[in-house]
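This report concerns only the one structure given below.
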Amino acid sequence: MPELPEVETIKNELGPYVVGRKITGVTLLWEGMVRHPSAEELRSRLPGQRITGLSRRGKYLVFSLDSGDLMIIHLKMSGTLWLKPPDRFTRAVIHLDGSDIFFRDPRKFGSIWLVGDAGILDKLGPEPLGPDFTPDVFARRLAGRSAPIKAVLLDQTLLAGVGNMYADEALFAAKIHPLRPASSLSPEETTRLYGAIRQVLLSGISHKGASTETFFRPDGTRGSAHLQFQVAHRGGKPCPVCGTPIQRLAVRNRGTYFCPKCQH
DNA sequence: CATTGTCCCTGGAAGC
DNA sequence: TGCTTCCAGGGACAAT
């Protein structure tokens, strides 16, 4: 499930193959992924445009086009962008005058937009690894939030890019229980969590993303970040710090893994 | 505005 | 072997 480190990895590794290339055609095998405009308009407006840049905002991939348009892709649960030939889960192909891009998405949750500006991204909170995200900013944004800290970390308007896996990892690293009300964190705990979020995301990027399920890099290989996970997707296994079995509970229908002894 | 629940999707694993 | 159930879960949306 692509979160910030996985999307960053795709951006880094796909960019060299697509920036500077011209789109020559679009094949949609699952039109439901097109969010704006219509599938028909997407097919007619993309060909002929040159990709001038590829960037990431939160979990969104942003392709800049020479017309000024933006092609924005969200991979959601199971999406990947491949440079290699398609399989039965390919939902779209962006044909280029070079390597084609294959949008692979078994669960069909992924989305694509073709827009004139980045307005749909305005709602996102700060980039966790960017200069605008400081412990003070984090503390202010948590203030007044009574929901469980785990749920609040998944709110993309609070902070952009943290998903289910890295939220669990950050809470474990900061030794904070996932059900703690967000506003109950002490200043010291808030600072600790701030550092933990940045640390687990940077670790994820350096390991080229986590391939717990359907994530693959553009060349089809897996990342190795999941091998570093302490609690995420490790229900029943011993806590690497104290040996207590890792527990699983559901927070807003999201599987949440934590150590009941280490996290308070 | 904050919060919670439902829904969209499908394959793989586990249980019977 | 084959059926059913559960699990993976980001974000749009509706309801409170």
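Model, not experiment: these values are computed from the prediction. Chain naming here is simple, since letters A, B, ... match the order of the sequence lines and numbering starts at 1 in each. Computed over heavy atoms, backbone and side chain alike; hydrogens, waters and symmetry mates excluded.
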Legend entry - Interatomic distance, A:Arg91 CZ vs B:dG11 C1' [rounded to whole Å]: 11 Å
Legend entry - Contact under 4.0 Å: A:Tyr257 side-chain N or O vs C:dA8 OP1/OP2: yes
Inset, instruction - Respond yes when some side-chain nitrogen or oxygen of A:Arg88 is under 4.0 Å from OP1 or OP2 of B:dT10, and no when none is. - result: no
Inset, instruction - Considering just the side-chain nitrogens and oxygens of A:Asn164, establish if one lies under 4.0 Å of OP1 or OP2 belonging to C:dG9. - result: yes
Legend entry - Distance in angstrom units between A:Glu3 CD and C:dA8 C1', rounded: 12 Å
Legend entry - Nucleotide B:dA2, atom C1' - distance to CZ of A:Arg252 in whole Å: 10 Å
Legend entry - Side-chain N,O (A:Ser78) to OP1/OP2 (B:dG11) below 4.0 Å: no
Inset, instruction - Calculate, to the nearest 0.5 Å, the distance between atoms CG and CG belonging to A:Leu153 and A:Asn164 respectively. - result: 10.5 Å
Inset, instruction - Rounded to the nearest angstrom, tell me the gap between atom OH in A:Tyr166 and atom P in C:dG9. - result: 12 Å
Legend entry - Approximate separation, where rounding is to 0.5 Å, of A:Ile246 CD1 and A:Asp168 CG: 10.0 Å
Inset, instruction - Could you tell me whether the side chain of A:Arg107 has a donor or acceptor atom within less than 3.5 Å of a complementary atom in the base of B:dG12? - result: no
Inset, instruction - Would you indicate, yes or no, if B:dT3 has its OP1 or OP2 atom less than 4.0 angstrom from a side-chain nitrogen or oxygen of A:Arg145? - result: yes
Inset, instruction - Check every atom of B:dT4, B:dT10, C:dG10 against the side chain of A:Lys108 and return the nucleotide holding the closest atom. - result: B:dT10
Inset, instruction - Would you check if there is a donor-acceptor pair between the side chains of A:Thr221 and A:Asp219 at a distance under 3.5 Å? - result: yes
Legend entry - Aromatic ring of A:Phe109 stacked on base six-ring of C:dG9, 5.5 Å, 30°: yes
Inset, instruction - Could you check how far CD1 of A:Ile120 sits from C1' of C:dG10, rounded to whole Å? - result: 14 Å
Inset, instruction - Could you check which of C:dC7, C:dG11, C:dG9 has an atom nearest any side-chain atom of A:His74? - result: C:dG11
Legend entry - Between OG1 on residue A:Thr80 and CG on residue A:Leu14, distance to nearest 0.5 Å: 10.5 Å
Inset, instruction - Provide, to the nearest angstrom, the distance between the CZ atom belonging to A:Arg234 and the C1' atom belonging to C:dA8. - result: 18 Å
Inset, instruction - Would you give the length of the straight line joining atom CD of A:Glu8 to atom CG of A:Leu61, rounded to the nearest 0.5 angstrom? - result: 9.5 Å
Inset, instruction - Check every atom of C:dG11, C:dA12, C:dC7 against the side chain of A:Lys123 and return the nucleotide holding the closest atom. - result: C:dA12
Legend entry - Contact nearer the 5' end of DNA chain B, comparing A:Pro148 with A:Pro106: A:Pro148
Legend entry - A:Glu169 side chain vs A:Ala232 backbone, donor-acceptor pair below 3.5 Å: yes
Inset, instruction - Would you indicate which nucleotide in C:dG9, C:dA12, C:dG10 comes nearest to any side-chain atom of A:Leu154? - result: C:dG10
Legend entry - Contact under 4.0 Å: A:His233 side-chain N or O vs C:dG9 OP1/OP2: yes
Legend entry - B:dC9 phosphate, OP1 or OP2, under 4.0 Å from A:Lys76 side-chain N/O: no
Legend entry - Sugar-phosphate, base or nothing in reach of A:Asp105, heavy atoms under 4.0 Å: nothing
Inset, instruction - Return the 5'-most residue of the pair A:Arg254, A:Ala151 with respect to DNA chain B, ranking by each residue's nearest nucleotide. - result: A:Ala151
Legend entry - Atom-to-atom span, CD1 of A:Ile72 to P of C:dG10 - whole angstrom: 20 Å
Inset, instruction - Let me know the distance between CG of A:Leu249 and C1' of C:dC6, rounded to the nearest Å. - result: 17 Å
